[in-house]
Amino acid sequence: MAIYMINGGVGKHIAFTALIDKLAEKDEVQMMTAYPDVFRHHPKVKASYSHEEPGLYDRVPRDTDIIFCEPYYSPFVFAKTHLLHEWAKLLGIEYEGELPQWHSCKKWYREAKEVIKKIPKKKFILVQFGGGQSPYDVNQPRVFIPQGQRRAYPLNMAQDFINQFTKAHPDIAVVNYSMVNEEYSHLGGCCVLNTAYWLYPELLKASMGFVGIDSSLQHMAAGVGVSGVVIWGATGPEQFGYPIHGNISNTTNHHMRPLCARFGDNKNADGSMWVDRDILSTAVPVDKLMEVTDAMLDMKLNKEEAKGIAEEDCDCDNDCGEDCKCKGA
């Protein structure tokens, strides 16, 4: 029996779900993570534990293999392969382009239906222009300290896009995925729902798609088979993206922060200082973003792809009850 341990953000955890089917061919899969809800209802995950669960190691059998492979400390940092390709190599399996998998339950379905009622229009898209904060901090009364602007879309350009979008599509609401204490949550013309992150995949199913950066929303959308537009800056789709989405960028020079910088050294291998890319100089122009977003909407309207959520989409075999603790706790 194996327990796979993951560090990092919710998007990285969702990405990992693309590897579970093949890992399950080797042995039973259990997860130890900061985001156990990502794996709670996956049919091939036997248990999903929180890192912070009291007495966790007293409950785990002594013959359990605890497996921790960190792709950020691997050749992945040279930006030549996809995150999942390198992660699979570390775990001894082969990645063949599998997408993430998001599995929900009836309790979450019911909660998502209630949240959707708060959206002022029947049709809507979701947007995420900044990231880096744990969604568990959504109600914490503290100042959000952003994790750098390397992946973010400039605030003024995000507002310009929303202004243009709402004018061009007055019948489509814009739902802002930002946490309430992030500066991006104050964008005008948006609906901020302030709800649990694990309900957003259900909202994506009911949406017309999404527009976002390289962050958790694009992984969630891939996990439920919903296409959208992803804006790339310092990272690229060849590292973190999926072909299901419309991936747009204003640069071909994507790269991750060098490995040396992750150990506290601010210098590159050649001795030069590491400086985060100037996001304003590489940001996708708003007009281009509108053009690609309109093309996405035209396609979805023609194919009627906004399928909505339905109770039969739920993967959990039971009603879960109020606590929804099917696997682990």
Side-chain angles (χ1 to χ4, degrees), residues 4-23 26 33-35 38 67-100 128 130-133 146-153 212-223 229-284:
Y4 295 91
M5 183 182 294
I6 303 179
N7 287 335
V10 64
K12 184 180 173 187
H13 284 70
I14 296 170
F16 185 86
T17 62
L19 306 178
I20 288 177
D21 282 354
K22 286 188 175 177
L23 289 172
K26 299 170 57 177
T33 163
Y35 298 96
V38 170
I67 300 172
F68 176 73
C69 296
E70 179 49 77
Y72 288 171
Y73 298 132
S74 78
F76 170 69
V77 298
F78 299 127
K80 294 181 179 179
T81 58
H82 195 279
L83 171 74
L84 291 171
H85 174 82
E86 202 65 42
W87 216 341
K89 279 201 322 184
L90 293 172
L91 293 167
I93 59 175
E94 185 177 358
Y95 176 63
E96 298 177 296
E98 293 87 354
L99 293 176
Q128 182 186 23
Q133 177 177 220
Q147 306 297 306
Q149 294 293 304
R150 300 172 63 242
R151 295 179 296 159
Y153 195 57
I213 58 166
D214 168 24
S215 198
S216 57
L217 192 63
Q218 69 123 350
H219 297 287
M220 287 181 181
V229 178
V230 184
I231 312 160
W232 297 91
T235 57
E238 67 278 4
Q239 298 167 279
F240 296 99
Y242 308 98
I244 188 177
H245 301 320
N247 297 295
I248 58 172
S249 172
N250 201 33
T251 177
T252 58
N253 187 24
H254 304 119
H255 62 282
M256 285 190 64
R257 180 183 292 269
L259 182 59
C260 60
R262 293 181 175 271
F263 288 103
D265 186 348
N266 291 323
K267 291 185 179 181
N268 294 318
D270 62 1
S272 61
M273 294 297 293
W274 170 265
V275 180
D276 278 349
R277 184 187 302 279
D278 178 1
I279 192 65
L280 290 174
S281 69
T282 61
V284 173

Check the pair E98, D21 against side chain to side chain contact (heavy atoms under 4.5 Å, CB included), reporting the backbone distance first and the verdict last. CA-CA 9 Å; E98 293 87 354; D21 282 354; over 6 Å; no
Shortest non-hydrogen contact from Q128 to S215? NE2-OG, 3.2 Å
Show me the donor-acceptor pairs, under 3.5 Å and distance only, between side chains in residues 78-85 and residues at least two apart or in other chains.
{"unit_1": "T81", "atom_1": "OG1", "unit_2": "E86", "atom_2": "OE1", "d": "3.1"}
{"unit_1": "H82", "atom_1": "ND1", "unit_2": "L84", "atom_2": "N", "d": "3.0"}
{"unit_1": "H82", "atom_1": "NE2", "unit_2": "G241", "atom_2": "O", "d": "2.8"}

From K22 atom NZ to Y95 atom OH, the distance as rounded to the nearest 0.5 Å: 9.5 Å
K12: what forms a side chain to side chain contact (heavy atoms under 4.5 Å, CB included) with it, not counting sequence neighbours? E70, P71, Y72, W87
Rounding to 0.5 Å, atoms CD1 (I6) and CZ (F16) come to a distance of 4.5 Å
Tell me, with the steps shown, if H219 and Y242 meet ring pair (Phe, Tyr, Trp, His ring centres under 6.0 Å). CA-CA 8 Å; H219 297 287; Y242 308 98; 5.5 Å; yes
Check whether any side-chain N or O of Y153 sits under 3.5 Å from a backbone N or O of V284 as a donor-acceptor pair, and report yes or no. yes
Closest heavy-atom contact between A15 and P100? CA-CG, 4.1 Å
Over all atoms of both residues, closest heavy-atom pair of F68 and M5: CD1-O, 3.3 Å
Under a 4.5 Å cut-off applied to non-hydrogen side-chain atoms, are P237 and V230 in contact? no
How many angstroms lie between CH2 in W232 and CD in Q239, if you round to the nearest 0.5 Å? 7.5 Å
How far does CG of L91 sit from CD1 of I67, to the nearest 0.5 angstrom? 7.0 Å
Check I244 against A222 and note the closest heavy-atom contact, atom names and distance. CG2-CB, 4.3 Å
Distance from T33 atom OG1 to N7 atom CG, nearest 0.5 Å? 8.5 Å
Measure from the side-chain N and O atoms of H245 to the backbone N and O of Q218, and report whether any donor-acceptor pair falls under 3.5 Å. yes
Note: S216 and V10 closest approach over all heavy atoms is CB-CG1, 3.4 Å
